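Each remark here refers to the structure printed beneath this line.
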Amino acid sequence: MSKVSITFIAPLVRELDVDGTEVVVRTADMDQILQLLAFTAPLHDELAAAPGAAIAAINGAELADADKLALVSWLWGVLARHSQAVKSIVAVCTRQPEAFVGALLPDRLLALLLLSVEVNADFFTRMLQPLRDLAQGLALPGGTGAADPQSATSTGPAPSSS
């Protein structure tokens, strides 16, 4: 009988200071994956039916300012229609109580959502990748766009591109 050798992927850990609270996002374990499956299912269908401008933005097209504003409006609409799922996703990924997540300012919630997607990219690739791409790719006229979770403290290897 031969011995099998497997090289396991090192779990990712990212830390982000959110208004004085050190929030740690780690690769989801199996129990968390099962919770995330339930929370992301309703988002998948809506993201799959994204408007044409969303697909163009994901593919790197330069959008007119009016299209960017319409896309941001659509994205916030998706988040608003699924606000409980979004809060639950962030709570599971950050291991923070939902009350903490619910009290976050919108930019902090979005930063933690994006960080959660980054750290758990293997899981989210098929479920929420369009959301992450849109949020990172949109720069509003006169603004800076979405929060950048890349500025978070990193522990562990960088996620691979898929």
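Bear in mind the structure is a predicted one, so any value in this text is a computation, not a measurement. What you see below is based on every heavy atom in this structure, not just the backbone, and it leaves out hydrogens, waters and symmetry mates. In this chain, numbering begins with 1 at the start of the sequence shown.
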Side chain to side chain contact (heavy atoms under 4.5 Å, CB included) between Val23 and Leu112, intermediate numbers included: CA-CA 9 Å; Val23 179; Leu112 287 174; 3.8 Å; yes
Got a sec, which residues hit side-chain contact (heavy atoms from CB on, under 4.5 Å) with [X], two or more places apart in sequence or on another chain?
X	value
Asp29	Asp31, Gln32, Arg95
Ile33	Ala28, Met30, Leu37, Phe123
Val24	Val13, Glu15, Arg26
Thr27	Pro11, Leu12, Val119, Asn120

Minimum-distance pair of heavy atoms, taken over all atoms of Glu98 and Ser88: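 Where Glu98 meets Ser88 most closely, the heavy atoms are OE2-OG, 3.0 Å.
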For Ala85 against Phe39, the heavy-atom pair lying closest together: CB-O, 3.4 Å
Audit row: Leu16, Val25, side chain to side chain contact (heavy atoms under 4.5 Å, CB included) steps and yes/no: CA-CA 8 Å; Leu16 182 66; Val25 180; over 6 Å; no
Residues which pass salt bridge (charged side-chain N to carboxylate O under 4.0 Å, His left out) with Asp17, listed by chain and number, not counting sequence neighbours: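 Applying salt bridge (charged side-chain N to carboxylate O under 4.0 Å, His left out) to Asp17 gives none.
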Student check: side-chain heavy atoms of [X] and [Y] closer than 4.5 Å:
X	Y	result
Thr21	Phe100	yes
Val86	Leu113	yes
Leu36	Cys93	yes

Residues clustering with Val4 (ILVMFWY side chains joined when closer than 4.5 Å, directly or via others): Ile6, Phe8
Spacing of CD1 belonging to Ile89 relative to CG belonging to Leu109, to within rounding of 0.5 Å: 10.0 Å
Distance (rounded to the nearest 0.5 Å) between Thr40 OG1 and Gln35 CD: 11.5 Å
